[in-house]
Amino acid sequence: MVEPTRNIHHAATRIRQLDDAAINRIAAGEVVERPASAVKELVENALDAGASRIEVAYADGGKTLIRVTDDGHGIAADDLPLALSRHATSKIDGSDLLNIHSFGFRGEALPSLGAVGRLSLMSRAKGSSEAAEIRVAGGQLDPVRPAALPRGTVVTLRDLFHATPARLKFLRSDRAEAQAIGDVVRRLAMAEPHVGFTLTDVSGGGEGRSLLRLDPAQGELFDVLATRLTRLLGRDFSANALRIDAEREGLRLTGFAALPTYSRGSAVTQYLFVNGRPVRDRLLLGALRVAYRDFLSRDRHPAAVLNVICDPQRVDVNVHPAKAEVRFRDPGLARGLIVSGLRHALAEAGHRASTTVAGSALGAMRPEGAAPAARIYQMDRAGFGAAHPARTWQAPDRAGLPAAGSAPGLAPDLAAAELAPTDAPGFAETAAPSARAEETAPDPQAQALPLGAARAQLHENYIVAQTETGMVIVDQHAAHERLVYERLKRQMQQNGVASQTLLIPEIVELSEDDVGRLLDFAPELARFGLVCDAFGGGAIAVRETPAILGQVDAAGLIRDIADELADLGDSGSLAARLEAILSRVACHGSIRSGRRMRAEEMNALLREMEATPHSGQCNHGRPTYVELRLADIERLFGRA
Ligand code: ADP
Ligand code: MG
């Protein structure tokens with residue numbers, strides 16, 4: 001066993017007042033965890049000073065040097081020593097800690113940095129003809145000296161933590177610390193899209209390596225923010241993001257949130273702000289997850305940049321030394337605003353699916369790394385029996401599309417005949433007899449609609465529709481599943497889901513655990529038209545099923561629901577569990593792949609998709625359709 005090393009004094013020792021240097025080092029422990037936290041404090045100070053351009057430079061992951069230069073209002077020479085003393089701030093007068101309009105207010109950052117590194121503060125106050133500098137190291141202030149600086153403030157922090165070797169040991173590699181600095185700067189650059197930022201790695205001296213250059217911008221917030229997010233998160237994010245602007249009882253939510261089909265494998269693309277302050281707040285992140293819950297499977301994460309704006313009186317930012325968490329006076333309201341604001345925007349997006357879907361579909365048709373034109377050349381050669389690896393036909397099945405259907409599906413007979421002797425493994429599969437097309441006559445009126453006019457059904461699951469600008473391929477099973485789900489939810493909200501009574505109840509044998517969980521949930525199941533009760537010890541009798549599902553395999557449905565209940569455990573709210581279960585139920589009522597559809601049925605499905613919110617993605621966040629524009633198709637054939 002490890003002995004505790006805590007000192008226990010058996011005699012009273014005298015109490016002493018710690019000196020400022022010690023106090024500042026203690027405070028620094030909370031405020032300055034790593035180089036990135038120093039950068040955050042310094043950039044926030046520059047923003048508070050009204051800067052329009054901020055330059056950040058660092059060396060060796062910020063361990064040896066951090067320098068932040070701004071063009072803000074500066075500090076008067078007389079005030080320089082005060083700026084470095086503890087609890088000295090120009091931002092509040094201390095009378096009201098619930099009325100904070102600046103990033104800073106605790107007056108802790110500069111003295112803390114001065115206690116754990118060598119700090120120089122050089123500044124020229126607006127309207128002053130001279131600049132001045134003060135230095136501090138290990139808590140020891142040097143006298144103020146004149147300096148040369150045209151405007152603004154330059155803070156230089158060298159050898160962070162040289163005075164606290166224990167902390168130095170906890171720092172990660174230069175690369176990891178540099179990455180954290182980049183993250184901080186990016187977050188603040190999103191919070192203040194009008195301000196220009198540069199980030200430079202000056203390790204080894206010289207000009208350094210420019211990592212980020214964002215120009216200051218003028219104009220309407222949403223435009224400026226959209227431009228900035230394109231730079232910071234990429235064109236794909238912007239192309240797939242919905243503009244969010246919602247309000248509820250004086251709380252406003254602004255920003256951009258991506259379509260569910262643009263979801264990520266982790267929560268990396270979630271940036272939340274409260275009154276422009278970057279936060280990592282559990283309440284807000286939880287609300288974001290809930291808003292998308294209905295569209296994403298549990299392992300996918302939404303992408304969003306959101307700012308909650310409210311009267312500062314309604315949120316306490318003085319909860320956390322680094323101010324990364326906040327406390328809303330009415331947390332339910334903030335949460336509700338995020339959930340309803342996002343859901344509303346997603347509903348308005350209707351059937352829209354992510355533009356990246358078409359991109360990845362096209363990508364899937366090409367071998368890794370090859371240019372499209374080269375690829376087409378190879379396809380031709382392979383297609384006409386040249387001695388070429390047949391693998392070029394086989395596309396990686398990344399987009400969840402039947403990739404091989406791309407080329408061979410277009411002319412199965414010809415390709416099959418030509419390829420059969422070349423022993424192409426990928427081909428035999430797709431040339432199976434199921435490749436049957438249900439052709440329909442063109443309908444110019446329907447072609448003008450977003451999802452176009454159904455022209456054919458391929459492989460008894462893919463509806464191919466013609467639009468004015470290209471073509472759409474719909475996964476009929478995925479699309480219909482979503483439609484049934486949305487119908488179920490609608491009926492639930494209105495009068496409850498209509499049920500139909502089974503002539504003979506279906507008896508389903510299950511484990512005792514499953515029976516118990518199902519019976520506990522029986523009142524909720526009845527609300528959506530699934531009526532069942534106990535039947536002896538290890539079985540359930542299903543008496544009524546949701547009418548919307550038609551003829552349904554009741555035993556399969558009950559087993560699926562039992563599995564879902566077991567998976568969910570006690571996690572999540574009742575609403576979350578209901579949604580998960582409804583989504584399972586919808587799957588049972590949907591048109592299976594393999595079912596032939598008539599032209600009217602296909603067109604009806606397309607029209608219902610257009611009219612139904614969220615129909616661009618299935619219940620697991622995968623796309624229900626892919627749109628290929630003529631331009632994309634031409635690109636595929638090397639024509640563009
Ligand atoms: P806080 O930001 O909480 O007030 P700091 O220790 O970060 O505390 O800064 C102390 C004071 O120094 C600020 O209140 C501000 O008056 C001044 N100051 C710091 N950095 C700058 C800057 N870049 N431009 C102008 N004034 C600054
Ligand atoms: Mg500050």
Side-chain angles (χ1 to χ4, degrees), residues 20-21 23-33 36-57 66-117 119-128 130-136 139 141 144 147 149-157 160 184-185 188 191-192 195-198 275-278 312 317-324:
D20 276 356
I23 293 170
N24 285 333
R25 272 205 300 279
I26 291 168
E30 289 181 320
V31 181
V32 200
E33 196 192 339
S37 15
V39 171
K40 171 184 167 294
E41 294 295 333
L42 297 177
V43 173
E44 287 184 353
N45 278 348
L47 290 169
D48 281 343
S52 63
R53 284 172 198 272
I54 299 173
E55 291 168 15
V56 180
I66 291 170
R67 189 175 56 234
V68 176
T69 307
D70 70 59
D71 61 355
H73 59 54
I75 308 169
D78 295 349
D79 272 355
L80 285 176
L82 211 49
L84 290 173
S85 60
R86 199 165 159 68
H87 302 311
T89 178
S90 57
K91 299 171 192 174
I92 56 170
D93 63 8
S95 62
D96 189 357
L97 281 182
L98 279 176
N99 194 12
I100 287 166
H101 294 265
S102 49
F103 283 111
F105 60 89
R106 297 168 61 110
E108 279 183 323
L110 293 183
S112 299
L113 294 173
V116 293
L119 186 84
S120 145
L121 178 59
M122 192 192 289
S123 193
R124 177 157 162 183
K126 207 166 230 164
S128 162
E130 271 140 49
E133 180 188 7
I134 187 168
R135 293 185 188 196
V136 55
L141 285 185
V144 175
L149 187 71
R151 78 185 68 79
T153 303
V154 185
V155 183
T156 311
L157 177 65
L160 183 61
V184 158
V185 173
L188 286 165
E192 300 281 342
V195 176
F197 286 85
T198 64
N275 285 336
R277 183 190 299 282
V317 292
N318 190 24
V319 185
H320 188 271
K323 295 161 271 180

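Residue indices begin at 1 and follow the sequence shown. Atoms within a ligand are numbered from 1 in the order they appear, just like the ligands themselves.
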**Student:** Is it true that Arg53 and Glu55 have a side-chain N and a carboxylate O under 4.0 angstrom from each other?
**Tutor:** no
**Student:** What is the nearest protein non-hydrogen atom to atom 8 (O) of ligand 1, stated with its residue, atom name and distance?
**Tutor:** Gly107 CA, 3.2 Å
**Student:** Side chain or backbone, does His73 bring an N or O within less than 3.5 Å of an N or O on ligand 1?
**Tutor:** no
**Student:** Atom 15 (C) of ligand 1: which protein heavy atom is closest, and how many Å away?
**Tutor:** Ser90 OG, 3.4 Å
**Student:** So for atom CZ, which belongs to Arg67, do other residues, nucleotides or ligands contribute more than 12 heavy atoms lying within a distance under 6.0 Å?
**Tutor:** no
**Student:** Considering heavy atoms of the protein only, find what lies nearest to atom 23 (N) of ligand 1 and give residue, atom and distance to 0.1 Å.
**Tutor:** Asp70 OD2, 2.9 Å
**Student:** I need the atoms of ligand 1 closer than 4.0 Å to a non-hydrogen atom of Glu108, numbered in the order shown.
**Tutor:** 6 (O), 8 (O)
**Student:** For atom 18 (N) of ligand 1, find the nearest protein heavy atom and state the residue, atom name and distance (0.1 Å precision).
**Tutor:** Ile75 CD1, 3.6 Å
**Student:** Tell me the contacting part of Ala49 for ligand 1: side chain, backbone, both, or neither, using a 4.0 Å heavy-atom threshold, strictly below.
**Tutor:** side chain
**Student:** Please could you name the atoms of ligand 1 that Thr89 approaches to less than 4.0 Å, counting only its heavy atoms?
**Tutor:** 1 (P), 4 (O), 14 (O)
**Student:** List every atom of ligand 1 that sits less than 4.0 Å from any heavy atom of Pro111, numbering the atoms from 1 in the order shown and giving each element.
**Tutor:** 6 (O)
**Student:** Run the numbers for me: atoms of ligand 1, each under 4.0 Å from some heavy atom of Ala109, listed by number.
**Tutor:** 6 (O), 7 (O)
**Student:** If you take all heavy atoms of Val144 and Ala132, which pair is closest and at what distance?
**Tutor:** CG1-CB, 3.8 Å
**Student:** Is any N, O or S atom of Asn45 under 2.8 Å away from the Mg ion (ligand 2)?
**Tutor:** yes
**Student:** Quick one: nearest non-hydrogen protein atom to atom 6 (O) of ligand 1, plus distance?
**Tutor:** Leu110 N, 2.9 Å
